[in-house]
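Below is one structure, written out as structure tokens; the observations come after it.
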Amino acid sequence: MSRRVRRRGSQSKDKDKVIISSPVYPETAEEYDICRPGGEIAGGHDVEWTRLPDDTVVQLFSCLSYRDRACLSSTCRTWRLLGSSPCLWNSLDLRAHRCDADTASSLASRCASLRRLRFRGSESAAAIINLHARDLREIAGDYCRDITDATLSVIAARHEALESLQIGPDPCEKISSDAIRHVAMCCPRLRRLRLSGIREIDGIAIGALARHCSRLEEIAFLDCGNIDETALGKVECLKFLSVAGSRNLKWASAVTYWSKLPNLVGLDVSRTDVPPSALFRILSSSKNLKVLCALNCLELEEEANHNPLGSSHAKGKILLTLFTDISKRITSLFSNSVGKETEISGNWRSQGNKDKNLNEIISWVEWILSQSLLRIAEMNPAGMDDFWLRQGASLLLSLVNSSQEDVQERAAAGLATFVVIDDENATVDPARAEAVMKNGGIPLLLELARSCREGVQSEAAKAIANLSVNAKVAKAVADEGGISILAVLARSTNRLVAEEAAGGLWNLSVGEEHKTAIAEAGGVKALVDLIFKWPTGIDGVLERAAGALANLAADDQCSMEVAMAGGVHALVMLARSCRVEGVQEQAARALANLAAHGDSNSNNAAVGQEAGALDALVQLTCSPNEGVRQEAAGALWNLSFDDRNREAIAAAGGVEALVTLANACANASHGLQERAAGALWGLSVSEANSVAIGREGGVAPLIALARSDAEDVHETAAGALWNLAFYPGNALRIIEEGGVPALVHLCSSSGSKMARFMAALALAYMMDEFALIGSSSEGTSKSVSFEGARKMALKHIEAFVLSFSDHQLFSMAAASSATTALAQVLEVTRIQEAGHLRCSGAEIGRFVAMLRNSSSILRACAAFALVQFTIPGGRHAMHHASLLQKAGVTRALRGAAASASAPIEAKVFARIVLRNLEHHQLEASV
């Protein structure tokens, strides 16, 4: 696979661990022997880092990641103290790191003034109490599917000053009403509670929130099972309520009690089964309600299809649905009249409003919109194209501009997700991707990727990566400087950022026009370094880095960059040690592409000489994953073009492994079949390997593959059988295994000229008198009707040669001594791809001997083959001409050209070969 898209980030069990060590610190930078920069700054003065004011150093620290901050703090005692300044540690984002109890304890000394914490995973949730940040005000955890009542209760008990608690978006199915009741009793200052996927929230838990949390202004119970609607109606301090995606709600009770909430200004019922009647009742009866959001509510949308809802909002109240102009309705909150509403820009942030209550409403609306749009994008329901193209894309881009970091992240994640319509095949909807581009999304996302906030960087990079699957968007990303930005992000010490940046480079590197730009931006070195930085256990970043390197290695110049950056060693390390199939597949593909430039650089030999490379690839051909087997076989095929590699592959058990693979891939993909046969074709160039392939049972599966309905498989299977048939024992095996009818079928019916050509040559080898004599000396264990096979083979060899014959043209060429006529024949008979075939001296000698065969059909076939091998401009034409000269072929060719009994085709072909040899002689003498 040459590219990858991601709809939603997945949780990895193994994350990079932040280690904060405490060495003995020197007093100053001089004692630590810091090397100052040798250059001068613009003003002409040396940089004196140790003389910077403390405030400036603290400001510099604030621009760094936690890891860099900790490293810089280890420089000297002064900077250690400055690096521990409370203002630098009022917010902590641990999502990119594995946070266990030891890690949390090592951070505790810096967290006394911590106010805001974000983490990922249930293990981190259990560990955060070890931070001893008792004055925490905000906690947000995601991917906490396994968080339990006990963990949540302890978190609440240790953080009594908590004002905001958010756990989601993964369902918290192990949390019950008991934990919510504990939160209510332990956190009386709670103002915001957002929980996802709880099975049941009973009236006792909600009642506890109403009694103990007198400042509670917002509740979001998202995608929950059963919620006590009546109890929610008694939380009188509520301003904002969201039950988006929740099920089993009794709407009659909900309307009755929720409409009486005295302070309720915002209600979100998106993705629920709310009936239109209940919706309009609560909209009209709730006194202070300002915003009612009902996105992706099927009953409401069906009603709107049959009965348009008109303005759908009372004065001063707005209803947000998929079929209304959402931006315009939000903007109407700023206007005092309907007339003014039409004159206000859809970007509501441009209004510069200073009303605190209104700003609270807008912040909440942004949050619920980002939540619902992302969930809708993840579910990808049918019939959403019109919404996404009409306003969904522009809405997400508007939310990217939010001042709320989590809204920005979800908006970017939404952009990354809604364009993907097929995860497995990396399919992006072109209209949706181009809608983002046309609405100015590319510069916006690239600017977001430059943010100093790593969570935002990660989501922006993911959006850029997915959008770049579209070639037009990829060009826009490159034109806007996106390649350099992604190359910088790929060097991030934050794994999530580096992973998404590598994904972006992976997709961009599909385009040939972007490969050089990636290399020039330092992308190759950054990708190789990623593999060494996270060599094990970090599946996503390794797969993306290897995938990008595989694409880049397909380019000759970039493949040399990959090798010089240490890419061969890195990729072999992955192939040998990584057990993740996606990583193995991309590593093998990268090695295959590196080895594909044998004629232009030394990477083929370098891969083969890397310790353990060939053994690892041979082992990967036994993988249970078809993609891994396919890429490993492809790598072995390419590597087998090098003589030393060919024998080393055989020594590593490659013959046996590839024969087994060929036997097992009868029902596999055409790609695997092609590579399995191709690898055997490559190995069969040497006599020892060819004999070994026949002995190990490789003939039968190759014959089966020759019957494939794919032309690419025809070529590799025919090529392998042609090589095998050179040796008498294998020729007999092919006949005994029913190979003649299979090759005859290829010779007459394949859509590939190359497959037909090589099938004809394999048949010619077997029908050659030399092959017959050699075969008969070994005896036969099967009853073979050889004479029938011989007649069939010769008939179709003749038909193949005649298919390139034009009687009038050949007659003119035979009667004329002018080279023009021969050139016209050559133009008609040339098989372009045959110029890539390379024959040994023995094989050329075989064709020369065949020119004297008693069969005129075989003489014509031999002459036709020599024409193809010596055509000027062919990759190995000079090599073949030299071999023919050494074999003294001139006399045989003149004899064939002058033979009275030879068919006209054999005569003309012999003359063309003589002409080709003369051309090469002249060329060599210049």
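This one's a predicted model, so the numbers in the text were calculated from it and none came from an experiment.
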Pairwise side-chain contact, [X] with [Y], heavy-atom cut-off 4.5 Å (strictly under):
X    : Y    : result
L300 : L298 : no
V265 : L289 : no
N288 : L261 : no
L92  : R118 : no
I139 : I128 : yes
C144 : D170 : no
L165 : L152 : yes
V291 : L333 : yes

Does [Y] offer a backbone N or O that forms a donor-acceptor pair with the side chain of [X] under 3.5 Å?
X    : Y    : result
S286 : L283 : no
S122 : I147 : yes
S284 : F280 : yes
D429 : A431 : yes
E301 : C297 : yes
T272 : V269 : yes
T256 : A252 : yes
S458 : E454 : no
T230 : S253 : no
S259 : V255 : yes

Minimum heavy-atom distance [X]-[Y], with the two atoms named:
X    : Y    : result
E459 : A413 : OE1-CB, 3.4 Å
S196 : G168 : OG-CA, 3.8 Å
Q404 : S363 : NE2-O, 2.9 Å
Q391 : S394 : O-OG, 2.9 Å
P188 : E160 : CD-O, 3.9 Å
L486 : A461 : CD2-CB, 4.3 Å

Is it the case that over 12 heavy atoms from other parts of the model lie below 6.0 angstrom from the [atom1] atom of [X]?
X    : atom1 : result
Q59  : CD    : no
E236 : CD    : no
R390 : CZ    : yes

**Request:** Show the numbers, then the answer: is there a side-chain hydrogen bond (donor to acceptor under 3.5 Å, both in side chains) between S402 and E366?
**Result:** CA-CA 8 Å; S402 172; E366 288 181 340; 2.8 Å; yes
**side chain to side chain contact (heavy atoms under 4.5 Å, CB included) assessment of T151 paired with V154** = CA-CA 5 Å; T151 300; V154 171; 6.0 Å; no
**Message:** Tell me which pairs pass ring-ring contact (aromatic ring centres under 6.0 Å, His included) where either residue lies in residues 383-406, with sequence neighbours left out.
**Reply:** W388-F418
**Item:** All pairs passing salt bridge (Lys or Arg N to Asp or Glu O under 4.0 Å) where residues 249-270 contributes a residue, at least two apart
**Value:** none
**Request:** Step by step, work out the side chain to side chain contact (heavy atoms under 4.5 Å, CB included) result for L415 and T417.
**Result:** CA-CA 5 Å; L415 289 167; T417 305; over 6 Å; no
Could you work out, with ring pair (Phe, Tyr, Trp, His ring centres under 6.0 Å) as the rule, every residue matching [X], not counting sequence neighbours?
X    : answer
F119 : none
W258 : none
W364 : F240

Basic-acidic side-chain contact under 4.0 Å: [X], [Y]:
X    : Y    : result
D325 : R329 : no
K239 : E360 : yes
R453 : D93  : no
E405 : R410 : no

**Request:** Tell me, with the steps shown, if R95 and E409 meet salt bridge (Lys or Arg N to Asp or Glu O under 4.0 Å).
**Result:** CA-CA 13 Å; R95 288 176 296 171; E409 289 181 18; 2.7 Å; yes
**Message:** Under the side-chain hydrogen bond (donor to acceptor under 3.5 Å, both in side chains) definition, can you give me all pairs with a residue in residues 216-228, not counting sequence neighbours?
**Reply:** R191-E217, R192-E218, R194-E218, D223-R271, D223-R375, N226-N248
Could you tell me the separation between the [atom1] atom of [X] and the [atom2] atom of [Y], rounded to the nearest 0.5 Å?
X    : Y    : atom1 : atom2 : result
I198 : C224 : CD1   : SG    : 5.0 Å
C293 : I326 : SG    : CD1   : 6.5 Å
K290 : L267 : NZ    : CG    : 15.0 Å
I204 : I180 : CD1   : CD1   : 12.0 Å
E299 : L279 : CD    : CG    : 10.5 Å
I155 : I129 : CD1   : CD1   : 8.0 Å

**Request:** In sequence, state the C-alpha distance, the side-chain angles, and the governing distance for L94 and C99, and then conclude on side chain to side chain contact (heavy atoms under 4.5 Å, CB included).
**Result:** CA-CA 7 Å; L94 295 173; C99 179; 3.6 Å; yes
**Message:** Can you confirm whether the side chains of R450 and Q457 place a donor and an acceptor under 3.5 Å from each other?
**Reply:** no
**Message:** Please determine whether side chain to side chain contact (heavy atoms under 4.5 Å, CB included) holds for the pair L292 and I318, giving the CA-CA distance in whole Å, both sets of side-chain angles, and the decisive distance to 0.1 Å.
**Reply:** CA-CA 6 Å; L292 177 53; I318 61 171; over 6 Å; no
